[in-house]
Amino acid sequence: QVQLVESGGGLVQAGGSLRLSCAASENIFSINAMGWYRQAPGKQRELVATIIRRGTTNYVDYADSVKGRFTISRDNAKNTVFLQMNSLKPEDTSVYYCNAVHRGVDYWGQGTQVTVSS
């Protein structure tokens, strides 16, 4: 099983930045796909960003709402995936969850709260 632990959430003013981290219990080189999702109260969980390794190439994808503002990256040596969030907006307020797909099974972290004030 893969254990995921998120960190880096907090309170920030609109226009500010945060960097979320997701530490994995496995060497993330062996994990095909990882990503970040978010879920606000009363809303469905939505995809924010994914990073998928195929050979030596990392493929990234973003929700339209965060394109140009968020960047997903991975550090295989540290078994960590990051989400750099810039130009934050109040509508980005949510609980952010790290996700990994390993051998066809979804794994989730406990979530980290991001709150963006006006």
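- Counting heavy atoms from C-beta on, the side chains of Ile72 and Thr50 never come closer than 4.5 Å.
- Pairing each heavy atom of Ser21 with each of Thr80, the nearest pair is CB-CG2, 4.1 Å.
- Under the 4.5 Å side-chain criterion, counting only non-hydrogen atoms from C-beta, Val105 is not in contact with His102.
- With hydrogens and angles disregarded, a donor-acceptor distance shorter than 3.5 Å links the side chain of Glu6 to the backbone of Cys98.
- Within 6.0 Å of atom CD in Glu46, more than 12 heavy atoms from other residues, nucleotides or ligands are found, so the atom counts as buried in its surroundings.
- Using bins of under 30°, 30° to 60° and over 60° for the plane-to-plane angle, the ring pair Tyr97/Trp108 lands in the perpendicular bin.
- The aromatic rings of Phe70 and Tyr96 are tilted relative to each other, their planes meeting at an angle between 30° and 60°.
- Within the 4.5 Å cutoff, the side chain of Val114 has no heavy atoms near those of the Arg38 side chain.
- For the pair Arg53 (side chain) and Gly55 (backbone), a donor-acceptor distance under 3.5 Å is present.
- Other residues, nucleotides and ligands contribute only 12 or fewer heavy atoms inside 6.0 Å of the CD atom of Gln1.
- With respect to Asp92 and Lys89, no salt bridge is recorded, no charged nitrogen being found less than 4.0 Å from a carboxylate O.
- Across all non-hydrogen atoms, the minimal contact from Cys22 to Trp36 is CB-CZ2, 3.6 Å.
- Residues Val95 and Gln39 are not in side-chain contact: their nearest non-hydrogen atoms beyond the backbone lie 4.5 Å or more apart.
- When every heavy atom of Ala14 is checked against every heavy atom of Pro90, the shortest pair comes out as CB-CD, 4.2 Å.
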